[in-house]
Amino acid sequence: MASQKEQEHVGYDFNRIEKKWQTYWAKNQTFKATNKSDKPKFYVLDMFPYPSGAGLHVGHPLGYIASDIVARYKRHQGFNVLHPQGYDSFGLPAEQYAIQTGQHPAKTTKENIARYREQLDRMGFSFDWSREVRTSDPSYYKWTQWIFLLLFDHYYCIEADKAMPISTLVNRFEKEGNYSVNAVSDPHVPSFSASEWNAYSNEKQQQILLGYRLTYLSDTEVNWCAALGTVLANDEIINGVSERGGHPVTKKKMKQWSMRIGAYAERLLSGLDRIEWPEPLKEMQRNWIGKSIGAKVFFQVEAHEAKIEVFTTRPDTIFGVTFMTLAPELELVQQLTTPDQQKAVEEYIEKTRQRTERERMADVKSCTGVFTGSYALHPFTAERIPIWIGDYVLADYGTGAVMAVPCGDQRDFDFAKHFNLPIKNIFKSVSIEEQAYSEKENAVIDNSDFLTGLSHKEAMKTVIAALEEKGCGKGTINYRLRDAIFSRQRYWGEPIPVYYVKGIPYPLSSEDLPLELPEVQKYLPTEEGAPPLGNATHWAWDTLTKTVVDNSLIDHQSVFPLELNTMPGWAGSSWYFYRYMDAQNSREFVSLEAKNYWQDVDLYLGGSEHATGHLLYSRFWQKFLFDLELLPVDEYAKKLINQGMILGTSAFVYRKSGTQNYISKDLLTAEDKVEPIRVDVNLVNSSDELDTAAIQNWQPQFQQATFEYSKGVFKVGREVEKMSKSKYNVVNPDEICDQYGADTLRMYEMFLGPIEQAKPWNTAGISGVSGFLNKFWRLFYDDQWRVTEAEPTKEALKITHETIKKITYDIEHFSFNTCVSSFMICVNELHRLQCYSRSILTPLTVLLSPFAPHLAEELWENLGHSHSLTQEPFPVANEAYMVEENKDYPISFNGKMRFTLSLSLDLDQEAIKKAVLEDPRTMEYLNGNTPKKWIIVPAKIINIVC
RNA sequence: GCGGGUGUGGUGAAAUUGGUAGACACGCUAGACUUAGGAUCUAGUGCUUCACGGCUUGGGGGUUCGAGUCCCUUCACCCGCACCA
């Protein structure tokens, strides 16, 4: 049998061993975590995968391997480890597959999950599968919907700086109106007294309350992707096109659910300082939140009731204002436009509306705008300031209006130059002939009435005080973070548990959750253009009659009384790490005992691509649930590591234009006109040589192909890019497991390089790791059992303890690649020393187990143990074994005596000091012409002190 | 444009606080054993030189007895944000 022959030279039978131990672990529930333990807890979490139809490729397990090493290591260290896994199983691909094939997304999702599970199991991960979650499972999304209802039922109180029940807000409105209420709200909420509030109709009251709720329904300018038929969140758009599919995105006004994440902007920002997340990722979140400190200024419009509110970070430059610019989308624009400018303004608005996001972004340089015909009055000088509109001003940042100070802002400067508007210099001894002067530090304000002569800092203070006193401005902090759109026009997502009466949304009772997805005939929008759930009319009425107690509250006139949109992908992933703590609980989202015991995630592993999506939204929900005292901490992950992506190495063949003739890469010349064509990387060997026979069966287009070989081989071109099915560069972990075994795959992925680095997959080096595991095996077996009871030599002890020390240190620092190297050195040494001593091999087996768990278990059993080594204490290095008798150790000597030994032995520092001072070489150094700052401690000193 | 990161042999990469640069592995070269194999083992392998030696961490400069590591400057590549007032 071929496989037997293979095993013969491979050394150990990984197929048998891996299957054996995977079965053993499953049967004995070896990795099941308990929610009660005397041991300290440790929670290691992976970002759960979306189960796509393509299955796992070798890039996916990278993070899982790293986290598994940590989980197993921590178990050895005596921790009660929670290491769960689940599936983020709502999502677009399953739905698009459903549209094409009519297969229910639940069915394909289930199949994909089964496939994922099979692949994950093969790699020997120590997941506690009894805690598995699936976001698309009603028993899970029940609680996602429940959290939605909580958000609906709360508002953000600025005084308390936390979320509070909407009922307390209603109480205040009834007693005092909203004049003194300090809450985060929609800017359009009117001011009212208690008597006005009490006189409002229920609809009006509900409308107002929506302006306060942490999730709310509003007409929002959204990113509409026509090709996908849905809206997209800002983080789902990359370079102006949809992240998924790369379709164009335009602005559109729609009634949408949003999440008032802006209320948490400051806490999301300050919380970053308390968590150990990668600095670049924190920086990304800081940028996304985009805090800027400045002021709001109100400009009275001449001969008009309206005031224009602007936000500026440079109120100190207010005397440099020569015009104002409004975003074209602003409603105010209609009111301000004078009759003779009407036509121009309308045309301009229409033009900007039609531009896609991408066009607008691509075209940053051109300067466009129109004069509205109106003027504003300067708050201090009452000068007339022309009001323009221009699409360089964004409607959804700040107030959508800017006071233009061309001398201090380059964009205002360019606009002024382009439209020949005046430019006034308010900076002392600075030329603004060529460009604006945007420097803050050295600016001295000039030509500015009471601000003249002040520095930027002083002027800021003075002008804000003056504005506030005059009642035409206010110091303000502005955030770039925008409220997150929460509605998706999709089928395969959590239904939003809301019904409508006269257009006003009311929540379903939490008793009636989950609101389950209905069966539908088709997964496309209805003919009226409503989302797919619009196809399930009977479902809507059934739900209402079953759940809404008061029949009179049901709007029988409505065409469709239930919410048709579903939740976005990030809803289910924003809290799943708490569900793992108590996954089976049907009464609570997580029990008090479970959350109090596990508290939070100690180590979270995942990709940095979630920086401004999942990782920000989940922090937001965390803080909200913390405010409600439903969670014990307000940051859920103490430490986060971004594993780098494993990239594919695509292969290309070159076809001579217009022919079926392919030419080997090394024969290509610059004159050749060729088209590069991707071919399956599995048909190419590690020397970039293509199997030209196999490729003719791969795709029909190659059946007629002729190949121009070079020295008998056909070379392909290579390019590193993202691993993806469509690029034919996917390497399947199953194949690696078949050929080398899971332990080899695990160690090789770690060996590839630092965990945080992106790196191309390359199978070439795997034989080194495979060889190492066989060498390890051969310390135990070489035709026969060779473990001895002999006392190890000093040398063997030294290398062993050095290895233990190094690997412990490296695991703690997530430097798994160097761990593998240390193992290799150790095993090579032991072979050289012919050391097969049980007292050496026993600790090494435990040491290896986080990396190559199957092999370690097998060897452990062969060493005579009847139980799994999972809970075995991790070996501890004894550094006394590491001292070499005839080696000198450097000690640094920085003026003062300061000892830095490469060993952390518990040495008598005073004794060393004395010995060093007495050593003749010390005086030699100290008296030498070139004073050295470091000296060598002779080995004998260490020996003396030891 | 702004913010962040990375540059070390043919390749992936090591180098705890500044202290023998290139550990470990792939690849390559030679050899041993072989029922000739993608097994195992030994030796060699940064560049340069016959050799002694010299040079070497993208380039240039600085601090230091000593710099891959710290500082300045410059170049290249990667990632994120992008008219944010």
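Heavy-atom basis, side chains included; hydrogens, waters and symmetry copies ignored. A note on names: the letters A, B, ... follow the listed sequences, proteins ahead of strands, and every chain is numbered from 1.
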Query - Heavy-atom side-chain contact between A/Pro379 and A/Ile318 under 4.5 Å - result: yes
Query raised in the report: How would you list, by chain and number, every residue that makes a side-chain hydrogen bond (donor to acceptor under 3.5 Å, both in side chains) with A/Tyr836, sequence neighbours excluded?
Result: A/Arg786
Query raised in the report: Given atom CG of A/Asp783 and atom P of B/U40, what is their separation to the nearest angstrom?
Result: 14 Å
Query raised in the report: What residues in residues 289-297 of chain A put a non-hydrogen atom under 4.0 Å from any atom of RNA chain B?
Result: A/Ser292
Query raised in the report: What class does the angle between the rings of A/His610 and A/His614 fall in, given that below 30° is parallel, 30 to 60° is tilted and above 60° is perpendicular?
Result: perpendicular
**Report entry** Protein-nucleotide distance (A/Arg832, atom CZ; B/U42, atom P), rounded to Å
**Finding:** 10 Å
What side-chain donor-acceptor pairs closer than 3.5 Å can you find for residues 749-761 of chain A, not counting sequence neighbours?
residue  : atom : partner  : partner atom : Å
A/Lys759 : NZ   : A/Pro754 : O            : 2.7
A/Lys759 : NZ   : A/Gln757 : O            : 2.8
A/Trp761 : NE1  : A/Thr763 : OG1          : 3.0

Query raised in the report: P atom, B/G7 versus B/U63: distance in rounded Å?
Result: 25 Å
**Report entry** Test side-chain contact (heavy atoms from CB on, under 4.5 Å) applied to A/Glu719 - qualifying residues, sequence neighbours left out
**Finding:** A/Phe652, A/Glu721
Query raised in the report: Among all residues two or more places apart in sequence or in another chain, which pass the side-chain contact (heavy atoms from CB on, under 4.5 Å) test with A/Arg480?
Result: A/Asn287, A/Tyr397
Requested in this report: Mind calculating the distance between CD1 (A/Ile807) and P (B/C24) to the nearest angstrom?
Outcome: 15 Å
Query raised in the report: Pick the nucleotide of RNA chain B nearest each of A/Leu752 and A/Val402; which residue has the one closer to the 5' end?
Result: A/Leu752
Query raised in the report: Under 4.5 Å between any side-chain heavy atoms of A/Ile385 and A/Met403, yes or no?
Result: no
Query - Side chain of A/Lys806 (C-beta onward), nearest among B/G4, B/U16, B/A13 - result: B/U16
Report summary line: Side-chain atoms of A/Thr818 come closest, of B/A15, B/G4, B/C84, to B/A15
Report task. Determine the interatomic distance between C1' on B/G46 and the same-named atom on B/U42; round to the nearest Å. Result -> 23 Å
**Report entry** Partner nucleotide of B/C2 by Watson-Crick or wobble geometry (both distances under 3.5 Å)
**Finding:** B/G80
Query raised in the report: Which part of the nucleic acid, if any, lies within reach of A/Asp391 when heavy atoms closer than 4.0 Å are counted: base, sugar-phosphate only, or nothing?
Result: base
Report summary line: Winner on side-chain proximity to A/Thr312, out of B/A14, B/A85, B/G80, is B/A85
Query - For A/Ile477, side-chain contact (heavy atoms from CB on, under 4.5 Å) partners two or more places apart - result: A/Lys291, A/Ile293, A/Tyr479
Query raised in the report: Taking the six-membered ring for Trp, are A/Phe823 and A/Phe851 parallel (under 30°), tilted (30 to 60°) or perpendicular (over 60°)?
Result: perpendicular
Query raised in the report: Is the distance from OP1 or OP2 of B/A85 to the nearest side-chain N or O of A/Tyr392 less than 4.0 Å?
Result: no
Query raised in the report: Paired with B/A21: which nucleotide, if any, by Watson-Crick or G-U wobble criteria at under 3.5 Å for both distances?
Result: none
Query raised in the report: Using a cut-off of 4.0 Å on non-hydrogen atoms, how would the nucleic acid contact of A/Val393 be classed: base, sugar-phosphate, or nothing?
Result: base
Requested in this report: For B/C81 and B/C26, measure between their P atoms and round to the nearest Å.
Outcome: 40 Å
Report summary line: Comparing A/Ser815 with A/Glu279, nearest RNA chain B nucleotide closer to 5' gives the residue A/Glu279
Report task. Give A/Phe772 one of three labels, base, sugar-phosphate or nothing, depending on what nucleic acid heavy atoms sit under 4.0 Å from its own. Result -> nothing
Query raised in the report: Taking the chi torsion of B/G4, is it syn (within 90° of 0) or anti (everything else)?
Result: anti
**Report entry** Minimum-distance nucleotide to A/Trp288 side chain [options: B/A15, B/C81, B/A85]
**Finding:** B/C81
Query raised in the report: Does B/A13 have a Watson-Crick or wobble mate here (both distances under 3.5 Å), and if so which one?
Result: none
Report task. Rounded to whole angstrom, note down the P distance from B/C77 over to B/C84. Result -> 26 Å
**Report entry** Nucleotide forming a Watson-Crick or wobble pair with B/G31, both distances under 3.5 Å
**Finding:** B/C41
Query - Between B/A39 (C1') and A/Trp777 (CH2): distance, integer Å - result: 17 Å
Query raised in the report: Atom CD of A/Glu721 to atom P of B/C79: distance rounded to whole Å?
Result: 13 Å
Query raised in the report: Picking from B/A85, B/A23, B/G38, which would you name as closest to the side chain of A/Tyr740?
Result: B/G38
Query raised in the report: For B/C41, does either OP1 or OP2 sit under 4.0 Å from a side-chain N or O belonging to A/Arg778?
Result: yes
Query raised in the report: Atom OH of A/Tyr397 and atom C1' of B/A85: how far apart are they, to the nearest Å?
Result: 7 Å
**Report entry** Spacing of the P atoms in B/C83 and B/C78 (rounded, Å)
**Finding:** 22 Å
**Report entry** Minimum-distance nucleotide to A/Glu283 side chain [options: B/A13, B/C24, B/G4]
**Finding:** B/G4
Query raised in the report: Which value, in whole Å, describes the distance between the P atoms of nucleotides B/G66 and B/U20?
Result: 15 Å
Query raised in the report: So, is A/Gln285 near the phosphate of B/G80, with a side-chain N or O under 4.0 Å from OP1 or OP2?
Result: no
**Report entry** Nearest-Å distance for atom pair CD/C1', residues A/Glu756 and B/A13
**Finding:** 16 Å
Report summary line: As its Watson-Crick or G-U partner within any shown strand, both distances under 3.5 Å, B/A67 has none
Report task. Scan A/Pro760 against the nucleic acid and name what it touches under 4.0 Å (heavy atoms): base, sugar-phosphate only, or nothing. Result -> nothing
Protein and nucleotides 25-28 of chain B: nitrogen or oxygen contacts under 3.5 angstrom:
residue : atom : partner  : partner atom : Å
B/A25   : OP1  : A/Asn828 : ND2          : 2.9

Query raised in the report: Who are the side-chain contact (heavy atoms from CB on, under 4.5 Å) partners of A/Val827, not counting sequence neighbours?
Result: A/Phe772, A/Lys775, A/Phe776, A/Leu779, A/His831
Query raised in the report: Looking at side-chain heavy atoms only, is the closest gap between A/Lys806 and A/Thr818 below 4.5 Å?
Result: yes
Requested in this report: Can you tell me, in whole Å, how much space there is between the C1' of B/C28 and that of B/U17?
Outcome: 38 Å
Requested in this report: Select base, sugar-phosphate, or nothing to describe what A/Gln410 touches, counting heavy atoms under 4.0 Å on all strands.
Outcome: nothing
Report task. Sequence neighbours left out, what passes salt bridge (Lys or Arg N to Asp or Glu O under 4.0 Å) with A/Glu439? Give chain and number order. Result -> none
Query - Nearest-angstrom distance from the residue atom CG of A/Asn478 to P of B/C84 - result: 13 Å
Query raised in the report: What does A/Arg482 touch in the nucleic acid at a heavy-atom separation under 4.0 angstrom: a base, only the sugar-phosphate, or nothing?
Result: base
Query raised in the report: Would A/Tyr748 and A/Tyr740 count as a side-chain contact (heavy atoms from CB on, under 4.5 Å) if you check the C-alpha gap in whole Å, the side-chain angles of each, and the deciding distance to 0.1 Å?
Result: CA-CA 10 Å; A/Tyr748 183 57; A/Tyr740 297 97; over 6 Å; no
Requested in this report: For B/C79 versus B/U29, give the span between their P atoms, rounded off to a whole number of Å.
Outcome: 36 Å
